[in-house]
Amino acid sequence: MELQNLVLIIISSSLVSNVVLSQFLGLCPFLGVSKKIETAAGMGGAVIFVITLASAVTGAIYNFILLPFQITYLQTIVFILVIAALVQFVEMFLKKFMVGLYQALGVYLPLITTNCAVLGVALNNVKYGYDIFTGVINGFATSLGFAVAIIILAGIREKIEENDIPLPFQGMPIVLITAGLMAIAFCGFSGLL
């Protein structure tokens, strides 16, 4: 694939069609883990790792097993199993080597398994007919867009805590309003393409 097309995929997947703010996939960890920048960055890194690796593994499984044996109807089940195994690997790694981040992510780390953004990327790679390399680039760019969005929201949430917010808007309502405004702002990136 041409370099120009790869750059287009990177910009499109990370900014224009941001998985959280445009496609509204992966909202649970986006809203749940974005209270502090450190935990948001940790979740973003875990999602980047899982989606990028899942894109490579699911692309290989689809192209070398499901497609030749004409069992593509099993793709969703197989992709979910691959994603679950990768998340278990990330969870074991963080539990052993990064205990603080593991505890900070809490229940949201295993939820990466059910994060529809991870499965959505794998299915989109098949839908768009990407080869394995292009699928990995798309997966990395998509997960990078997720990380950027969650870190920005975490930064805004940290600043919001210092403000005097009317009682009906405190907590999740102001977070949802902020996320909505971020989604509108990210729509401005559609003028790039």
Side-chain angles (χ1 to χ4, degrees), residues 1-33 40 42-95 105-150 179 183 186 189-190 193:
M1 184 168 256
E2 295 179 18
L3 180 63
Q4 181 181 7
N5 288 341
L6 289 176
V7 171
L8 190 64
I9 288 171
I10 291 169
I11 292 171
S12 175
S13 295
S14 60
L15 297 175
V16 178
S17 297
N18 186 285
V19 71
V20 176
L21 301 173
S22 177
Q23 299 177 32
F24 307 113
L25 298 174
L27 289 175
C28 179
F30 177 70
L31 297 172
V33 185
M43 177 58 85
V47 168
I48 287 173
F49 178 78
V50 169
I51 289 181
T52 304
L53 197 55
S55 296
V57 174
T58 56
I61 289 172
Y62 183 81
N63 287 317
F64 297 123
I65 297 174
L66 300 180
L67 205 55
F69 290 107
Q70 297 177 350
I71 52 174
T72 56
Y73 57 89
L74 293 175
Q75 70 185 12
T76 304
I77 295 169
V78 171
F79 291 176
I80 289 172
L81 292 173
V82 167
I83 291 164
L86 289 173
V87 170
Q88 285 299 115
F89 173 73
V90 170
E91 189 172 3
M92 290 186 306
F93 177 82
L94 290 178
K95 189 174 184 179
L105 292 175
V107 70
Y108 293 101
L109 186 59
L111 284 179
I112 295 176
T113 302
T114 59
N115 185 342
C116 51
V118 182
L119 180 60
V121 170
L123 293 175
N124 280 341
N125 287 341
V126 170
K127 177 181 167 186
Y128 300 143
Y130 291 155
D131 59 19
I132 297 170
F133 177 72
T134 308
V136 169
I137 295 296
N138 180 53
F140 175 76
T142 301
S143 58
L144 184 64
F146 176 87
V148 166
I150 196 170
F186 268 65
F189 289 121
S190 63
L193 301 179

Student: Distance from Tyr130 atom OH to Ser55 atom OG, nearest 0.5 Å?
Tutor: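 Going from OH on Tyr130 over to OG on Ser55, the span is 11.0 Å.
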Student: Once rounded to the nearest 0.5 Å, what's the spacing between atom CG of Leu21 and atom CG of Leu27?
Tutor: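 Answer rounded to 0.5 Å: 8.5 Å.
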Student: Pairs of donor and acceptor atoms involving the side chains of residues 76-87, under 3.5 Å and at least two apart or interchain, shall be tabulated with distances.
Tutor:
none

Student: Between the side chain of Asn18 and the main-chain N/O of Gly145, is any donor-acceptor distance below 3.5 Å?
Tutor: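 The answer is yes, because a donor-acceptor pair under 3.5 Å joins these two groups.
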Student: Of the non-hydrogen atoms in Met43 and Ile112, which two are nearest, and what is the gap between them?
Tutor: SD-CD1, 3.7 Å
Student: Nearest heavy-atom pair of Val16 and Phe189: which atoms, and what distance?
Tutor: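 In this case the closest contact between Val16 and Phe189 is CG2-O, 3.3 Å.
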Student: Nearest 0.5 Å, please: how far is OG1 in Thr72 from CG in Asn63?
Tutor: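 Taking CG in Asn63 and OG1 in Thr72, the distance rounds to 11.5 Å.
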Student: Can you name the closest pair of heavy atoms from Leu25 and Cys116 and give their distance?
Tutor: CD2-SG, 3.7 Å
Student: Keeping Ser143 on the side-chain end and Phe140 on the backbone end, is there a donor-acceptor pair under 3.5 Å?
Tutor: yes
Student: Kindly compute the distance separating CG (Asn115) from CZ (Phe30), expressed to the nearest 0.5 Å.
Tutor: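 It is 12.0 Å, given to the nearest 0.5 Å.
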Student: Which pair of non-hydrogen atoms, one from Ala56 and one from Ile132, has the smallest distance, and what is that distance?
Tutor: O-CG2, 4.1 Å
Student: Nearest 0.5 Å, what's the OG1-CG distance between Thr52 and Asn138?
Tutor: 10.0 Å
Student: What's the separation between atom NZ in Lys95 and atom CE in Met92, rounded to the nearest 0.5 Å?
Tutor: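 Lys95 NZ to Met92 CE: 10.0 Å, rounded to 0.5 Å.
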Student: Would you check if the side chain of Gln75 reaches a backbone N or O of Leu123 as a donor-acceptor pair within less than 3.5 Å?
Tutor: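 No, the answer is negative, given that no donor and acceptor are paired below the 3.5 Å cut-off.
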